[in-house]
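Taking it in order: structure first as structure tokens, then the write-up.
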Amino acid sequence: MSEAFNSQIYEQWKIKLGNDVAAIEQVMNHQHIDDILPGAQNASTDNLLYLGQALAQMWESRLKLVYPQRGFQVKCDRDGYTVVVTFFQEN
């Protein structure tokens, strides 16, 4: 997601999270399913969760393929009425 990377936002999170790289990556890499799926507001949270879990599996597979020497955590969680997917490197 380098096209979405913003160094100024990174520096703000770095200060706020005390140089915790995993926490910074988790915040900066997160995606709300309803932000990337038009019409998601019409879907149930269960359906969004199912889609989020599928997306998380795809991300996990892609990260393993592109970065086989690195370990990543990929998470999919409910957040109120939406679902958030994120990833970060394991320390």
Side-chain angles (χ1 to χ4, degrees):
M1 296 192 189
S2 62
E3 67 275 358
F5 182 80
N6 181 311
S7 60
Q8 192 173 23
I9 292 172
Y10 171 79
E11 291 300 325
Q12 290 171 356
W13 281 114
K14 189 174 171 184
I15 291 166
K16 186 172 185 172
L17 297 173
N19 291 328
D20 182 342
V21 175
I24 296 166
E25 289 179 350
Q26 188 169 353
V27 169
M28 293 206 54
N29 292 331
H30 87 279
Q31 289 289 310
H32 293 253
I33 295 299
D34 53 348
D35 287 344
I36 59 175
L37 179 66
Q41 67 275 12
N42 299 322
S44 71
T45 307
D46 287 340
N47 285 338
L48 294 178
L49 182 60
Y50 179 81
L51 179 61
Q53 290 167 337
L55 183 61
Q57 290 173 346
M58 288 186 282
W59 283 6
E60 186 172 19
S61 294
R62 182 67 179 161
L63 288 165
K64 284 180 183 177
L65 180 67
V66 175
Y67 305 104
Q69 71 285 3
R70 298 182 189 173
F72 289 92
Q73 283 281 331
V74 182
K75 293 184 171 188
C76 175
D77 296 304
R78 291 177 196 258
D79 183 20
Y81 294 105
T82 189
V83 172
V84 176
V85 181
T86 191
F87 68 94
F88 56 94
Q89 289 186 78
E90 296 173 328
N91 294 332

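Worth saying up front: this structure is predicted, and the values here are computed from it rather than measured. Note that the numbering runs from 1 along the sequence shown for the chain.
- A distance of 10.5 Å separates CG in Leu51 from CG in Asp34, rounded to the nearest 0.5 Å.
- With a 4.5 Å cut-off on side-chain heavy atoms, Gln31 and Trp59 count as touching.
- Going from atom CD1 of Ile9 over to atom NZ of Lys14 covers 15.5 Å, rounded to the nearest 0.5 Å.
- Between Thr82 atom OG1 and Leu49 atom CG the span is 10.5 Å, to the nearest 0.5 Å.
- The side-chain contact (heavy atoms from CB on, under 4.5 Å) test with Leu55 singles out one residue from Met58, Gln57, Gln53, and that residue is Met58.
- By the 4.5 Å heavy-atom criterion applied to side chains, Ile33 and Val84 are not counted as neighbours.
- Remark: Asn29 CG to Phe88 CZ distance equals 10.0 Å, nearest 0.5 Å.
- One finds the OH atom of Tyr10 at 11.0 Å from the CD1 atom of Ile15 (value rounded to the nearest 0.5 Å).
- Neither Leu37 nor Tyr50 shares a network with the other; the hydrophobic side chains, linked directly or stepwise wherever heavy atoms of I, L, V, M, F, W or Y lie under 4.5 Å apart, form separate groups for each.
- Across all non-hydrogen atoms, the minimal contact from Leu48 to Ala43 is CD2-CB, 4.0 Å.
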Solution key, residues 66-78 side-chain donor-acceptor pairs under 3.5 Å, sequence neighbours excluded:
unit_1, atom_1, unit_2, atom_2, d
Gln73, NE2, Glu90, OE2, 2.8
Arg78, NH1, Asp46, OD1, 3.3
Arg78, NH2, Asp46, OD1, 2.7

**OP:** Would you check, one step at a time, whether the test side chain to side chain contact (heavy atoms under 4.5 Å, CB included) holds for Val83 with His32?
**Re:** CA-CA 6 Å; Val83 172; His32 293 253; over 6 Å; no
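- Taking both residues in full, the closest heavy atoms of Phe87 and Leu63 are given as CD1-CD1, 3.6 Å, listed atom of the first, atom of the second, then distance.
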